[in-house]
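Lettering of chains follows the sequences in order, A, B, ..., and the numbering in each one begins at 1. All values derive from a computational prediction rather than experimental measurement.
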Protein chains: 4
Amino acid sequence: MSTPSRRPRADAGRNRARVLEAASELFAERGDEVQMAEVAKSAGVGVGTVYRHFPTRQALIEAVAEARFAEILAFARAECLSTPDAREGLKRFLLHIGQVHEDGRALSRSIETALGSTAPRGEVGAELRELGAELLERGRGDGTVRADVTVEDLYMIVGALAAVARADWGDWRRFVDFQMAGLDPEVAGRP
Amino acid sequence: MSTPSRRPRADAGRNRARVLEAASELFAERGDEVQMAEVAKSAGVGVGTVYRHFPTRQALIEAVAEARFAEILAFARAECLSTPDAREGLKRFLLHIGQVHEDGRALSRSIETALGSTAPRGEVGAELRELGAELLERGRGDGTVRADVTVEDLYMIVGALAAVARADWGDWRRFVDFQMAGLDPEVAGRP
Amino acid sequence: MSTPSRRPRADAGRNRARVLEAASELFAERGDEVQMAEVAKSAGVGVGTVYRHFPTRQALIEAVAEARFAEILAFARAECLSTPDAREGLKRFLLHIGQVHEDGRALSRSIETALGSTAPRGEVGAELRELGAELLERGRGDGTVRADVTVEDLYMIVGALAAVARADWGDWRRFVDFQMAGLDPEVAGRP
Amino acid sequence: MSTPSRRPRADAGRNRARVLEAASELFAERGDEVQMAEVAKSAGVGVGTVYRHFPTRQALIEAVAEARFAEILAFARAECLSTPDAREGLKRFLLHIGQVHEDGRALSRSIETALGSTAPRGEVGAELRELGAELLERGRGDGTVRADVTVEDLYMIVGALAAVARADWGDWRRFVDFQMAGLDPEVAGRP
DNA sequence: GATGAATGAGCATTCATTCAT
DNA sequence: CATGAATGAATGCTCATTCAT
């Protein structure tokens, strides 16, 4: 006689994840036009639940952005810190970032619009900065990257790359090549 | 249904200019939050007049963007094509663009949001591309710029710079330096 | 961006009815000039609620029209299918329709303007057609109505009557008399 | 040296006619959505000129309507007053009216919306009433039309027919048949 | 906790009409 | 007389956010 309730024990955190996942997909596909109610529906919850976990639309987008940064961070740790030379690791890092933004153009634009920038934030942001520092440190170590490049410099380049990859201005891989050239120790100091 | 007009018949095209000017200032200051009615008021005309000259909000923003590009074009023609060496001209070009976007951050964001990109469009866009070609040609001539750089490459860099300068990721002048380094003929071809 | 709600959670479908009722009255009184906001206010809800139940202004008017048709249907079932002779039933039907349109002239005009016609639509429309068929069938049965009259014919007459009753061209009851005369079996076939 | 001016001696009344003609066509095609500026353009004049001749949009529509009534009047005088029997003349009258409304559905709707009715007005309206009286008088004379039919009755029927013909409820010619039947002297007085 | 109905400020856009030139 | 640029009130609709149930 007791029909099982539809979503019986969807414990708290589970819902957060579902919402985040739904939001990630929707924003990646349709960008800023997705509405909170759609996210809720797609996640199989009510709007109220979305708001329980993400107090504002902006917070949700922030969280989606952070999730993407976390992915990037994981990739970089696995693939960019252990390359034969540091230069190679750095390039892989940039190529991955370009790819992520190309694949999620609409999302990137939403982030830009909602947060005013695609720069990494929060905890993951801090870890990314650390990671960037390590990439540069390695470069300084083996002499394959200009020694005067700061983490701030690197993330300007990353931000620029994000903009290039989400736009349709040409082959962003060429842009990466230019950045790698600009980071070459040989040319440091040219006017 | 309407109340008698207050300041009628102010010379045809004059109003277009006033609206454009007002819009330029307002968008530069407050970005996407400015409303059509504000623009009208600030220009001293009715909304209808704004719409007569710019059929949609997006068209207005497009026009403001184009005006900015026209300024850049004029600057570049005057200051960047006659430098002692081509590299210097190119650098001045980039520095000017960075400055324009730093000074009009809010506007740059509005353009990005409304048009999806800050890339030059239309007639002025075409002229800018030509100008870019000349800048690069000069560089090929005196050997101060990588010979394989295309106009498309250049405008990827310009777009990237626009993103960097309107954001707050660090000193965009440093970014310009990296780009100049990347465009150095010496490093062309490094992996 | 919004202010806290004032009268929340008033039972789901109850609100739909209140809106419909308010709209019916307002449109009957003042016709096409009523605004969505007025309907909302008069129903004691926010505009958003009106739009939740009726996605567009036209949809609201359609619903009001349908409600009126439903009334007519109910009347006809109760009063027109059980008259001594079918002719009498048909006449009562027409008289009721004329009365409804006379009483809600402004509404009838709104419907005409918004929907392009006052013809019954949707589900209720289908039931009305069935009812019309029954009325005619009865007439064929007792020989009080021309046998060649189709439901389509009948609803042309009904539509015509609606137009006459909502206009001010004369006593629409006279018009009904002419229609009854025209439906008389005696004259069928006259040139 | 003197280039002929474009429209040199477009004397007053000529423009009125051009505007009226343009308006007739446009309203017949696209109905209420035509704007005053379009009418002006289509007539090859400025909006101001349209307003000189027709002080409001409604006045313009009224004039277009009147022109149509004038056509009907002319037709009726030529074709309906001289038929062998009066009944035939009356029928031709109705058929012509139906045709006019079928051909100019959009216009008919505009008139209905703007003026609240498609009933003939003004001077032409008066003449049409007279004409209607004559048609009925002839019918009384040769006994082919119910003697108790008034001009008001006739114009209720005409208005109804206009509604039927401009709608898409069925074959309005059938409706005309029913009206003719209803006007038959044989059935006068049936309940 | 979860739900989703309710809220309502906000805003781009339209178009009949006017009147300086 | 003709022109057409200017006017601005009017209005349907959206959607992030709240909170009674």
- For Leu20(D) and Ala63(D) the tightest heavy-atom approach is CD1-CB, 3.7 Å
- Query: Starting at the 5' end of DNA chain E, what dot-bracket string do you get if Watson-Crick and G-U pairs under 3.5 Å are bracketed, crossing pairs use [ ], other-strand pairs use | and unpaired bases use dots?
  - Reply: .||||||||||||||||||||
- Using side chain to side chain contact (heavy atoms under 4.5 Å, CB included) as the criterion, list what pairs up with Ala40(D), not counting sequence neighbours. Val45(D), Val47(D), Val50(D)
- In chain order, what residues pass the salt bridge (charged side-chain N to carboxylate O under 4.0 Å, His left out) check against Asp168(C), with sequence neighbours excluded? Arg105(C)
- Item | Spacing of Arg18(C) atom CZ relative to dA6(E) atom C1', expressed in whole Å | 12 Å
- Rounded to the nearest Å, what distance is computed from the NZ atom of residue Lys41(D) to the P atom of nucleotide dT3(F)? 14 Å
- Query: side chain to side chain donor-acceptor pair (under 3.5 Å) with Ser108(C): which residues, sequence neighbours excluded?
  - Reply: Arg68(C), His101(C)
- Query: Could you give the CZ-to-P distance, from Arg14(B) to dA6(F), as a whole number of Å?
  - Reply: 12 Å
- dT21(E) P sits how many Å from Asn15(B) CG, rounded? 12 Å
- Item | side chain to side chain donor-acceptor pair (under 3.5 Å) involving Ser117(A) - partner list, sequence neighbours excluded | Trp169(B)
- Task: Check each residue of residues 106-113 of chain B for a non-hydrogen atom within less than 4.0 Å of any atom in DNA chain E, then write out the ones that pass by number, or none.
- Result: none
- Message: Test of understanding: with side chain to side chain donor-acceptor pair (under 3.5 Å), list the residues that count as partners of Thr49(D), not counting sequence neighbours.
- Response: none
- Scan residues 50-60 of chain A against DNA chain F and write down, sorted by residue number, each residue with any heavy atom closer than 4.0 Å; if none is found, say none. Tyr51(A), Thr56(A), Arg57(A)
- Residue pair Thr56(D) / Tyr51(D): nearest heavy atoms and the distance that separates them: CA-CE2, 4.2 Å
- Presence of salt bridge, Arg16(C) and Glu21(C), under 4.0 angstrom: no
- Message: Among residues at least two apart in sequence or on other chains, which ones pass side chain to side chain donor-acceptor pair (under 3.5 Å) with Glu25(A)?
- Response: none
- Note on the structure: The complete set of side-chain hydrogen bond (donor to acceptor under 3.5 Å, both in side chains) pairs with one or both residues in residues 27-41 of chain C, sequence neighbours excluded, reads Arg30(C)-Glu33(C), Arg30(C)-Glu38(C), Asp32(C)-Arg57(C)
- Which of residues 29-38 of chain B sit near DNA chain F, with a heavy atom under 4.0 Å from it? none
- Partners of Glu62(A) by salt bridge (charged side-chain N to carboxylate O under 4.0 Å, His left out), sequence neighbours excluded? Arg121(A)
- Of the listed nucleotides dA2(F), dA9(F), dT7(F), the one nearest the side chain of Val47(B): dA9(F)
